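Below is one structure; the comments refer to it alone.
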Amino acid sequence: MSVPDSDSLSLGAAFYRQFLRHGKALISSPADLVNPLLFFFMVITLFPLGLGPDPERLSQMAPGILWVVALLASLMVSGKLFASDFEDGSLEQLCLAPQPLAILALAEVLAHWLGTGFLLSMVSPLFAVLVGLPTQALPVLFMSLLLGSLCLTLIGAVGSALTVSIRRGGVLLSVIIIPLHVPVLLFGSTAVVEAARDGNPVSWLALLAALVLMSLALAPLAIGAALRISLDNG
Amino acid sequence: MYFDSLTAVAHMDGHGIYVWLAYAITMVLLSWLLWSPSRELRKRKLWIVAEARRRAASTNATPEAETQSEQAMSTDRAQMETQG
Amino acid sequence: MSLLDAKDVAIERGDRSLLRGISLSVEAGELWQLIGPNGVGKSSLIRALAGLARLGVDGDICRSAAALYIGHSSALKRALTPVDNLRCHPACDVTVGDEQIAQALQSVSLAGYESVPVGALSAGQQRRVALARLLLSDARLWFLDEPFTALDAMGCEWLEQQIAEHIQLGGAVLFTSHQQSRFGAQQHNLDLSLYVSA
Amino acid sequence: MWSFIHKLGSPPWFFRFSGNVVKWLLPVTIAVLFVGAFWGLLVAPPDYRQGNSYRIIYIHVPAAVVSLAGYYVMALAGAISLIWRIKMADIAMKAAAPVGAVLTGIALVTGAIWGKPTWGTWWVWDARITSMLILFFLYLGVVALFEAYENKAAAAKACAVLSLVGTVNIPIIYKSVDWWYSLHQPASIKFTGESAIDASMLYPLLLMITAFYGLFALVVMMNMRADLVWHHRQSSWVRQWAGFE
C-alpha cells in the first residue's frame with residue numbers, strides 16, 4: 001500500500017466531502033436545478049387560468065397556492081435525491097464509511113436542499129406577483145419558504161430513502177410523505193396569510209422554525225436506518 | 001327503552017336513516033375484519049393438510065408418479081404463492 | 001490476530017435459505033477465494049462479510065479492521081471527473097492529496113484522463129478508476145466481488161500484483177471469481193457448494 | 001414476567017397462546033359489542049340539541065380512539081422489531097396496519113354520515129375529522145409501502161421506520177390542524193376534566209370503546225396466526241396443528 005500514514009478522516013471533513021460530492025453532481029447537470037423552478041413557475045400560472053383572472057380572489061388565495069405548489073415541487077425533486085447514489089453503487093460505499101451514515105446522509109440532503117428548496121424560496125417572491133400576493137407579505141413568504149423547504153426536503157429525504165430500492169417508487173414517495181408535510185404546509189401558509197392581512201406572522205414562523213430544528217435532529221436518524229434497509233432490499 | 005314502538009326505532013324522528021346506515025356500514029366492515037383472517041387460516045390449513053397427504057402419497061409412489069405429483073405440488077404452490 | 005471472524009453464518013433470500021453453517025477466520029496476510037456455481041450466493045456472502053447486508057443474514061460476523069468493498073457497480077458519479085470521484089469517494093477513510101490521486105490514476109494507466117467526466121470513459125476504464133481506490137485506502141480488509149470481470153489482460157495482471165502486494169504488507173483479501181485460482185498455493189479456497197442448505 | 005415476554009417471541013408458543021385467547025375473546029367481544037350497540041341505540045336518551053343522530057357517537061368515537069391507539073401499537077411493534085430484531089414484532093406490525101386503516105375508515109365514514117344531519121353536508125373540514133383523514137393517509141402509506149417491497153423482511157423494517165416517523169408527527173399534525181381550525185366542538189370525553197356528556201350516555205360509550213379495543217386485539221391476533229401458519233408451513237408444529245386439530 002503506497003499510502004503514507006495520513007490521518008484518518010475527521011467527521012467534519014467527511015461531512016464536507018459528501019456535501020461537496022452531491023453539490024458538484026447537482027451543479028454539473030444544471031437541468032436538475034432549473035427544472036423545479038420551471039415547474040413552480042408553470043404550475044403557478046395554471047391557477048389564474050383555472051380560477052379566473054379576478055385579482056381580488058387570486059390575491060386572497062395566493063398564500064395557499066404558492067405554498068401548495070412549493071410542496072409539490074419539493075415532492076417531485078425528493079424522489080431523485082438518493083436515486084443516482086443507489087444506481088451507481090455509492091450508497092453501498094456510504095454505508096461502509098467509518099463515519100455515521102446519518103451525518104453523511106444529512107450532508108447529501110443539505111446539498112440537495114441548497115440546489116432545490118433554497119433556490120425556490122429565492123425565486124418565489126418573483127412568482128408571488130403572478131398571483132397578486134400583497135407586497136408586504138413577500139418577505140414573510142421568502143422566510144416561510146426558506147424554512148419550510150428545508151423541512152420539506154428533510155422529510156422528503158426520509159421518503160426517498162425508504163422508496164429508493166423500489167423501481168416505480170415515485171408515486172409511492174408521495175403517498176407516504178404527503179401526510180407528514182401537512183404541519184409544514186399549515187404553519188407556512190398561515191404565516192403568509194397573516195402577513196398578507198397585516199396580522200402577526202412571527203408566531204407561525206417560530207413554529208415553522210421549531211419544525212425545522214426537529215427535522216434536522218430526527219430525520220437523519222430515520223434516513224440512515226431507511227438507507228440500510230433499502231440496501232438490503234435492493 | 002327510549003322508543004315506544006318499532007316504527008319509532010326505525011324512524012328515530014327523522015335521523016333513523018343516518019343512524020342505521022352508519023351502524024350497518026360499521027357492522028359490515030367489522031364482520032369482514034373478523035371473518036377474513038379466519039377464512040385465510042382455514043384455507044392455509046387445508047393447503048397444509050393436502051400437501052402433507054400428497055407428500056406421504058409421493059414417498060411410496062413410483063418414480064413416474066413422483067414427477068407428476070411433484071409437478072402438481074409446485075403449480076399448487078405457485079397458485080398459493082400468488083394468493084398468499 | 002484474525003482480521004475477520006465469521007461463525008455459523010446463514011444467508012437467506014426472501015424466506016428461502018441459500019447457505020448455512022459457514023464459519024471462517026481470515027488472518028493477516030491471507031488470501032481467500034469464494035468458489036461456487038452461479039446463484040449459490042457468492043455475492044450475498046461477500047456483502048454480508050463486508051457488513052453491507054444485515055437482513056437475511058444470521059450468525060455473527062466481526063471485522064477487527066476497516067473494510068474496503070468493491071462490487072459490480074463502480075460507485076462513481078458519471079458527471080464528475082476521476083479526480084473528483086476519488087477525492088470525494090464516500091467510503092474513502094483517509095484524506096487524499098492530489099498527487100496521490102494522480103499517482104493512483106497513473107498506476108492504472110489512466111494518466112491523461114484526469115479531467116474527463118467518468119461518464120465519457122469506457123466500461124473498462126471506469127472499472128480501473130474504481131480499482132484505483134485500492135491504492136488510496138488504509139483498509140486492511142479487502143472484499144472484491146468479481147474484480148476480474150470487464151478487465152483486460154493487463155488490468156488483471158495489475159490487480160493480481162496489487163493483491164499480492166497487499167497480502168505481503170499484512171492485509172487480507174476475500175474475492176469471488178469464476179476463473180480458477182490465479183494465485184496457486186498461496187490462496188485458500190472456500191467452496192460454497194459444501195454449505196448449500198437443502 | 002420476562003420469561004413470558006420472551007416466550008411471546010417463539011412462534012409455536014405464541015400460536016397456542018393466541019389460540020386460547022381468541023377462543024374466549026371472540027364471544028366476549030361480540031357480546032359486549034351488541035350490548036353496547038343495543039344500549040346506545042335504543043336505551044340511551046338522544047342529545048337535546050342534535051336529537052337521535054347523536055347515537056352515531058357510539059361507533060364514531062370508539063373507532064377514532066382505537067384507530068389512533070392502533071397506530072401507536074403498530075409503531076411500538078415496529079420499534080421492537082427494529083431495536084431487538086424480533087421477527088414476531090414484524091408479523092404483529094403487518095397484522096395491525098390494515099386493521100387500523102379499516103377502523104380509521106369507519107371513523108371517517110360514520111363521522112361524515114353524522115355530519116349530514118348536524119351540519120347539512122357530508123364533509124365538513126373540522127379539526128378532528130381532518131386529523132383523522134390524515135391519520136387514514138398515514139395508515140395507507142404504511143400499507144402501500146409494505147406492498148411495494150418484494151423482500152417482505154425488508155418491508156417490515158421499512159414500515160417500522162415509517163410508522164415511527166409517523167408517530168412523532170401525529171401529535172404535531174393534530175395540534176397544527178387544531179390551531180388551524182379551532183371551531184370544532186370540544187372532545188366530548190375528557191378523562192382528565194369532567195366529561196361533557198352525562199352518565200346515561202357515557203356508560204354505553206365506554207362499553208363500546210372496550211368492545212372496539214377487544215376487537216382490535218382480536219383481529220390483530222387472528223391475522224398474526226394466519227401469517228405464522230404460512231411462514232412456518234414447513235415446520236413440524238404447524239403440520240402437527242393442521243393434522244390433529
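FYI, side chains are in, hydrogens and waters are out, and symmetry mates aren't considered; it's all heavy atoms of this structure. On a predicted model such as this, the values are computed, not experimentally measured, just so you know.
- Residue D:Ile172 comes nearest to A:Pro183 through the heavy atom pair CG2-CB, 3.7 Å, listed as atom of the first residue, atom of the second, then distance.
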Evaluate side-chain contact (heavy atoms from CB on, under 4.5 Å) for D:Val168 paired with A:Met214, printing each intermediate quantity in order. CA-CA 10 Å; D:Val168 171; A:Met214 192 194 82; 4.0 Å; yes

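- There is no contact between A:Ile155 and chain D, counting heavy-atom distances below 4.5 Å.
- For chain D, the nearby parts of A:Leu162 are the backbone and the side chain; heavy atoms of each come within less than 4.5 Å.
- Residue contact with chain D, scored on non-hydrogen atoms closer than 4.5 Å, is absent for A:Arg228.
- Heavy-atom minimum distance, A:Ala222 versus D:Val161: O-CG1, 4.0 Å.
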Could you go through D:Tyr149 and A:Ser230, starting from their C-alpha distance and side-chain angles, then the distance that decides it, and tell me whether this counts as side-chain contact (heavy atoms from CB on, under 4.5 Å)? CA-CA 9 Å; D:Tyr149 266 73; A:Ser230 292; 3.5 Å; yes

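- Only the side chain of A:Leu218 comes within contact range of chain D, with at least one heavy atom under 4.5 Å from a heavy atom of that chain.
- Contacts of A:Leu186 with chain D are made by side-chain atoms alone, with heavy-atom separations under 4.5 Å and no backbone atom involved.
- In terms of non-hydrogen atom pairs under 4.5 Å with chain A, the most contact-rich of D:Ala153, D:Cys159, D:Ala155, D:Ala158 is D:Ala158.
- Only the side chain of A:Val182 comes within contact range of chain D, judged by heavy atoms closer than 4.5 Å.
- To the nearest 0.5 Å, atom CD1 of residue A:Ile166 and atom CD of residue D:Glu150 are 7.5 Å apart.
- Other residues, nucleotides and ligands place more than 12 heavy atoms under 6.0 Å from the CH2 atom of D:Trp122.
- Of all the heavy atoms in A:Leu172 and D:Ala144, the pair that sits closest is CD1-CB, 3.6 Å.
- Between A:Val175 and D:Gly141, the shortest heavy-atom distance links the atoms CG1-CA, 4.0 Å.
- Atom CG of residue D:Asn169 and atom CG of residue A:Leu211 lie 8.0 Å apart, to the nearest 0.5 angstrom.
- Interface remark: of the candidates D:Leu135, D:Leu133, D:Ile134, D:Ile134 forms the most heavy-atom pairs closer than 4.5 Å to chain A.
- Counting heavy atoms from C-beta outward, A:Phe187 and D:Trp180 have side chains that stay 4.5 Å or more apart.
- At a 4.5 Å heavy-atom cutoff, A:Ile178 makes no contact with chain D through either its backbone or its side chain.
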If you apply the rule side-chain contact (heavy atoms from CB on, under 4.5 Å), what do you find for A:Ile176 with D:Leu138, and how did you get there? CA-CA 7 Å; A:Ile176 60 177; D:Leu138 283 173; over 6 Å; no

